[in-house]
Each structure stands twice: as C-alpha cells, then as structure tokens.
Amino acid sequence: MSSLSPHSEMLMEQYREHYPQFCQLSQQVYDQLCKVFREQGIELNSIEHRVKTEASLAGKLERKGDKYHTLEDVTDLVGLRIITFYTDDVDKVAAIVKSLFVVDWSNSVDKRKLHELTSFGYNSLHYICRLKEGPLSTIPFELQMRTALQHVWSAIEHDIGYKGAVKLPPEYRRQFSRLAGMLELADDEFSRLRTTMTDYRRQVQALVKSGQLDEVPLSTDSFNSYLELHPFERLNRRIAAVNQAELYPASLANFLPILEHFGFESLGDVQRFVTENAEDAYQLALSQLAVTDLDILSSNVGLQNLCLVYVLKKGGNRDDLIYIYDKLNGQQSSNGILADAILQQAATLPFASHKK
C-alpha cells in the first residue's frame, strides 16, 4: 500500500507522463555541454547525466512531499554532473554554464563557501538551470560541478555511509576530517602545480625563441619547443634533394631517449650536436640513397642520420647502432641487418672511426 499522499501521487503521475521529455532534456543538455567543452579545449574527467528514477522520486516525495507544490519544484529530476581535474576549472565550467543556460540563482548554491570540516566531498557548485528557449525550456535541471578528488571522496562517503554523521565516535569523525583536509590540500596543490608548470613551459619557450639554448635543460617540454624551430629542416631538404624525394611528417618524440642516452643535458648540447654533425650526416645519407631510387622519405631522416653519425664518430660498434634502431623501430631482428649496412656504408666515409 502506497504511503504517498494524494498530492504526491498526482506528482508521480505527472512524472510518468513527462518522463520521455526528461530523457530528451538530459541528452540534449549533455550533448550541448560536450560540444562546447570540446570547442573550448577544456579537458574534463567526465560528464554524467541521468533522469531521477521513479523509486528515487517516490522516496523523495515520501520524505518531504509537502515541500513540492508542482513537479517543477523538484529541480533535480534531470541531473548532470561535470567532473573536472582541477579546482580552477570548476569556475571556468561555471562561466560556460552561465552563458549557455538560464540559472535560477535563488535555488543554486556554491557549497565551496560552506567551509565545514567534513564538507570536502560536497564542496561543489550546484546550479539549477533551464534552457534559454524551446519546448523543454520549462523543465528545470540540476548541474553539479566538482573536481575528481571531490567526486571520489563523495563516493567513498556514500559507500561507507558516513556523510558527516555526527553520531560516530569522535576519533572516527576526526579521521574523516583529517582525510578531507588532505584531499582538499591535494586539490589545491594540483591546481597550483599546473599553474607552475604552465609558467615553466612559457619560460622555456621564451628562452628557446631567444636562442638561449644552454640555459634550457633537455626535457620533453623543452624538446618539443626546440622542434618548433624546425632545426632539422635544412638537413632534411638537402637529403631529400639527392633523389628529389618528397618528405612526409613523422614524430621525433622517440629520439629524446636517444639524445639523453648520448648524455645531452641541455638544448645547447643538442644544437651543437646538430651543427657539428650535419655535414657528415648528409654524407652518410647520400651513401645510402645513391644506390636507391627512393622518392619518399620520412622527416626524421635528418635526425636519424645525425644519431648514427654521432655513434660512429664516437667509436660506437654494431650494438650501439642496434640500440638506436631498437628505440626507433622497436626490437626486431632486422635492426641488426640495418646496423650492418650502416657499418659497411660508413667504412668508405672519412668521419667513421668505428671499431672493426
């Protein structure tokens, strides 16, 4: 036998009647948010969307049905949760939401301002919104915006049935408060670290553009900035001109471990490596291409020959050459054949001092 009042039963009937519209609204808002965030280049942990189930609504009406005069007063029948990686992205997301939808400020709340010791998992923005136009614009929906750490904390609280319970022994509540504080600190520090890393990348880019390469440690970020200068383009074009070949783009990221293996510590080391070995790298490539009619070459051809020449000039042997090919092609038996061919070709070139 139902424990709902006649008024709540009427609301339940309206819910069943309009359920298809709720589902349509949920999907429409989800699609619209995904499209805008993708266009704005905002990376998110996830976006969740759902329509409140009949059982969930019935439970809500049973607990506080007198509060809702109409079905529109139940503002979370359609709910979406936007989970960001960083705390400062929550405000960016909120700004986008405010531009897309009509926000009911009287029913919205910024729970981040509560500053309660046990409130970390609930420190999210809750906006009650409506579409700006269209047949579904009369239906409210709830948008929650929080970080991934806040989301995880909230899920854990829900799983173990805590939710800031005051009836737990003080030592347990204290443990929860300490954990909440640690996670809140971690949330803030991740955002601060991202800002620091962004500033560092900008400094690296400025140093690279100004030519102060000796002041830039060799790293993934700095190497990527260095590649924006196209340091191997001239060598690539000289090599391609041998057979009037076309160059097709290829990633140079897998060369970084090789350069680090050579002991290079700064971009200045890499630039000297290029300057000192460019002519010999061209001669090595020329000896290979002279016996072929290749008319398509990878844009890594210059850097690959620079690395091979460097090893040979340092007295490297077959295993050292195989190491390079293993890093570039993955470990395979054909890398030994390539190394043998390079040793044979280089034997006729004046720079080679490899071990017989």
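Everything numeric in this text was worked out from a predicted model, so none of it was measured.
For Glu62 and Ser3, the side-chain atoms include at least one donor-acceptor pair closer than 3.5 Å. Counted by atom type alone, Asn224 and Asp221 present zero donor-acceptor pairs between their side chains at under 3.5 Å. Between the side chains of Ser5 and Ser8, a donor-acceptor pair is found at a separation under 3.5 Å. There is a side-chain donor-acceptor pair under 3.5 Å between Thr87 and Ser191.
Gln244 places a side-chain N or O within 3.5 Å of a backbone atom of Ala241 that can act as its donor or acceptor partner.
Applying the ring-ring contact (aromatic ring centres under 6.0 Å, His included) test to His261 and every residue at least two apart in sequence or in another chain returns Tyr323. Take Glu39 and apply the salt bridge (charged side-chain N to carboxylate O under 4.0 Å, His left out) test, not counting sequence neighbours, and it matches Lys35.
A ring-centre distance under 6.0 Å is not found for Phe351 and Tyr310. Separation of the Phe22 and Phe141 ring centroids does not fall under the 6.0 Å cut-off.
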Quiz prompt | Ile139/Glu72 under side-chain contact (heavy atoms from CB on, under 4.5 Å): CA gap, chis, key distance, verdict | solution = CA-CA 7 Å; Ile139 307 173; Glu72 288 184 12; over 6 Å; no
Quiz item: Can you list the steps and then say if Asn107 with Thr75 is a side chain to side chain donor-acceptor pair (under 3.5 Å)?
Solution: CA-CA 9 Å; Asn107 285 311; Thr75 55; over 6 Å; no
Practice problem: Decide yes or no on side chain to side chain donor-acceptor pair (under 3.5 Å) for Gln205 and Gln203, but give the supporting numbers first. | Solution: CA-CA 5 Å; Gln205 290 170 352; Gln203 292 171 6; over 6 Å; no
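Checked for salt-bridge contact, Asp214 and Arg272 meet the test: a charged N lies under 4.0 Å from a carboxylate O. Using a 4.0 Å cut-off between charged nitrogen and carboxylate oxygen, Asp76 and Lys60 count as a salt-bridge pair.
Listed by first and then second residue, the ring-ring contact (aromatic ring centres under 6.0 Å, His included) pairs involving residues 184-220 amount to none (not counting sequence neighbours).
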